[in-house]
Amino acid sequence: MKCTKITLFLALSLTTNSAFTQYYQARTSEDQRLEFRKIPISGPAHLRNTPSPQISGFPIGFPANRNFKNFRNVALADIDKDGIPEILTGINKTLYAFKSDSLLWQTPLDGLAIYPPSVGDIDNDGAIEIVQVTGGQGEKGRIYVFDRDGTPIEPWPIGFNDNWILTAPALSDLDNDQTLEIIVNERDSPSGKVHILNLDGTSFNSNWPVSLGGTPAVTPSIGDIDNDGEKDIVVFSTTTQFAFDLDGNLKEGWGFSTEPFQKYSFQSPILIDLDQDGFLEVIGATHGDVPQYYVLEHDGTFAPNWPIDVPGSSWTFNTPTVVPVQGVYNIFMSRPLFQDTVNSMLFSWTSDAIPKAGFPIVKTGGLEGLISVADVDGDDEFELVFGSQMADSDGLGYIHAYEMDGVTQVPGFPLQPRGWTFMNGVSIGDVNNNGRMDLVALSNTVENITGTPDSTYINVYELEVRYAPQKVLWSTYKGSNTRDGLIGSDLVSSLDTKSTPIDVVVFPNPTDDLLTIELTSRINAPKVRLMDATGHLEKEWNLRESKSQLSMGQLPAGLYWLVIYDNDQLLGVKKLIKLQK
């Protein structure tokens, strides 16, 4: 993934007097110049061709870099602990924090911010930290850590010979000390390195950084893939898959090259125990000569029935979305569309590669951005929400929403922001605190097509449905603001909580903070993990008494799961509702 070779597929439709709608497909060449070609497609592409209304104060536009646009949308995070999420995004050389339509703060950056920031309580003091990395061709690469007011924390920012810090940082507690480490990629041309850094900027241990032997290609994913009790670092170069232990040693079965047939760029993998065998699978996609969707076992071998060839040999840069649908994990991935005769663009499979009924979604215009999952029409069922590589003759892009049948479009969609949404998507929350669901999306315009300066827009659409956190399963890059890519393996079993192997009493439920958990059965080494609606681990406690009081702290309101273990044996699950404090 030499970043001078980033390919941006844009399309602009021009209606003619013939039976065809004329599209322009654009991409950047190796020297970063935009190139275009005309592609005639029969029939109308979309029904809507007028701008969609947004909430007061939006869209907000900013000058964008000519060669590099934003990938993977924004971060929504309640950084000031008032129960209302802020909009966090780096655009060009500035990091912005918006509270609704008001600028909370902005801070300049060395280098370009391309990926969204990662967010978490790194030092476990109850306050949120924000990690933004930068880079770009000819730009200074930096790692920033900010407090909630946008003030850099000492000794940040730091860099490594001004080298590009590629993709996004991942945050994870690697040594079980209740604090988070920062895992980042450095492009040290022609090679690259992966670093694990402490909050004070020092290396996690003397074995880091570790060389990848090529350009880093994906945001690292963090999890105990082989169930040996320690987390592993899963990271790819453009041609090689790696999994390292915490001492920087290559895990058995990893470190193999796919060159010259397959490559990796931006398809950051997701880690999850799909088959409930105690080991994590690695889910992602490739491009190159033989692009594929894959599921890997913990030892780097393909899971049964995988991989699946990408139709039309499309180069896809998609990061998967993996969520439970009716008690079964579903994998969602996409591809862009070029001159294909069949417009299949969004796919869904079960863990054993069985296609979900009604899929793939077939429509004009593919995507390579975030696939969100939420109840956006208030019918108590989840829908898929995603962007597009298309724009119409007025330069308006698309945000689509489809039912889980893969066929039915949600009424009121597509939404049409100014510019393309293709490498971004939507994040979902209630950013103006009026109780309604908001969709937040970045879009980009390109001067070569629109005749106006390159710009990036923050768009916020309000839907006519009530917002609640449990109505959203997936709405940010890699499923979590920590970007660690680890999805809780207990969600499937926890969806049915009618019976548990042990008696567990949890009260009050719902709660706005403190809760009491009482184990009426004797357990040797009880441990409780608190997971959010997607199964992402939020907190973990070792219980020293049969009756213990726990605090959910400043976690946002929503649906959570309390998962009880004894020596890592799953004993029970309780659904918990967190109220706004």
Side-chain angles (χ1 to χ4, degrees), residues 1-4 6 32 62-72 74-75 77 79 88-97 105-120 122-123 128-172 180-204 208-212 215-220 235 266 268 442 456 477 481-484:
M1 185 198 65
K2 291 186 178 180
C3 293
T4 55
I6 294 175
Q32 301 175 348
F62 305 87
N65 183 268
R66 185 177 183 86
N67 296 313
F68 295 96
K69 302 297 189 293
N70 287 78
F71 284 15
R72 310 315 190 209
V74 306
I79 60 175
L88 303 173
T89 182
I91 299 175
N92 210 335
K93 295 186 177 183
T94 304
L95 179 64
Y96 298 93
W105 49 260
Q106 69 181 64
T107 185
L109 304 169
D110 273 342
L112 303 176
I114 299 171
Y115 276 73
S118 302
V119 183
I122 296 178
D123 54 4
I128 291 294
E129 283 80 42
I130 303 154
V131 186
Q132 178 71 60
V133 302
T134 65
Q137 193 69 33
E139 301 285 349
K140 295 178 180 179
R142 294 287 186 270
I143 308 162
Y144 288 86
V145 181
F146 299 100
D147 66 18
R148 69 175 199 175
D149 298 319
T151 303
I153 296 173
E154 291 292 338
W156 310 91
I158 66 172
F160 307 106
N161 299 318
D162 291 342
N163 289 333
W164 192 335
I165 308 300
L166 282 168
T167 64
L171 310 179
S172 182
L180 304 178
E181 280 70 47
I182 303 168
I183 303 94
V184 296
N185 294 326
E186 172 199 358
R187 182 186 180 188
D188 188 9
S189 185
S191 185
K193 301 172 184 175
V194 57
H195 296 256
I196 302 177
L197 303 172
N198 300 310
L199 185 57
D200 63 4
T202 60
S203 290
F204 180 68
W208 297 92
V210 172
S211 175
L212 299 180
T215 302
V218 302
T219 297
V235 62
F266 320 121
S268 297
L442 292 182
T456 297
Y477 174 49
N481 280 339
T482 62
R483 319 296 178 203
D484 64 1

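All values derive from a computational prediction rather than experimental measurement.
Taking CD1 from Ile183 and CG from Leu171, the interatomic distance works out to 7.0 Å, rounded to the nearest 0.5 Å. Atoms CG and CD1, on Asp149 and Ile79 in that order, are 7.5 Å from each other to the nearest 0.5 Å. Rounding to the nearest 0.5 Å gives a distance of 11.0 Å between OG1 of Thr94 and CH2 of Trp105. For the atom pair CG of Asp484 and OG of Ser172, the computed distance is 5.5 Å after rounding to the nearest 0.5 Å. Between Arg72 atom CZ and Thr167 atom OG1 the span is 10.0 Å, to the nearest 0.5 Å. Atom OG1 of Thr134 is separated from atom CD of Glu139 by 8.5 Å, given to the nearest 0.5 angstrom.
Proximity of a side-chain donor or acceptor of Gln132 to a complementary backbone N or O of Tyr115 within less than 3.5 Å is detected. With Asp147 contributing its side chain and Gly150 its backbone, the two residues share a donor-acceptor pair below 3.5 Å. Within the 3.5 Å criterion, the main-chain N or O of Ala168 finds a donor-acceptor partner in the side chain of Thr219. The closest donor-acceptor contact from the side chain of Asn161 to the backbone of Asn163 lies at 3.5 Å or more, if one exists at all. Side chain of Lys93 to backbone of Gly90: no donor-acceptor contact under 3.5 angstrom is found. Judged by distance alone, with hydrogens and angles left aside, the side-chain atoms of Trp156 form no donor-acceptor pair with the main-chain N or O of Arg142 at under 3.5 Å. No donor-acceptor pair under 3.5 Å is formed between the side chain of Thr107 and the backbone N or O of Leu95.
Within the 4.5 Å cutoff, no side-chain heavy atoms of Ile114 are placed close to those of Asn70. The shortest side-chain heavy-atom distance between Asn198 and Glu181 falls under the 4.5 Å cut-off. Thr215 has its side chain within reach of Leu166: a pair of non-hydrogen atoms, C-beta onward, lies under 4.5 Å apart. The closest side-chain heavy-atom distance from Tyr144 to Ile130 is not below 4.5 Å. Side-chain contact between Asn92 and Leu112: present, with at least one pair of heavy atoms (C-beta onward) separated by less than 4.5 Å. The shortest distance between side-chain heavy atoms of Leu197 and Ile158 falls below 4.5 Å.
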**Asked** Can Lys193 and Phe160 be said to form a side-chain contact (heavy atoms from CB on, under 4.5 Å), step by step?
**Response** CA-CA 10 Å; Lys193 301 172 184 175; Phe160 307 106; over 6 Å; no
**Request:** Determine, step by step, whether Val131 and Ile122 satisfy the side-chain contact (heavy atoms from CB on, under 4.5 Å) criterion, reporting the C-alpha distance in whole Å, the side-chain angles of both residues, the deciding distance to 0.1 Å, and the verdict.
**Result:** CA-CA 10 Å; Val131 186; Ile122 296 178; 3.7 Å; yes
**Message:** Applying side-chain contact (heavy atoms from CB on, under 4.5 Å) to Gln137 and Asn67, what does each step give before you reach the verdict?
**Reply:** CA-CA 9 Å; Gln137 193 69 33; Asn67 296 313; over 6 Å; no
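Nearest approach of Trp208 to Ser203, heavy atoms of both residues: O-OG, 3.5 Å. For the residue pair Phe71 and Pro116, the shortest heavy atom distance occurs at O-CD, 3.3 Å. Of all heavy-atom pairs between Phe146 and Leu109, the closest is CZ-CD2, 3.9 Å. When all heavy atoms of Phe68 and Asn65 are compared, the pair lying nearest together is N-OD1, 2.9 Å. Between Gly192 and Pro216, the closest heavy-atom pair is CA-CD, 3.7 Å. For Ile91 against Pro63, the heavy-atom pair with the smallest separation is CG2-O, 4.0 Å.
A tilted orientation is assigned to the rings of Phe62 and Tyr96, their planes being inclined by 30° to 60°.
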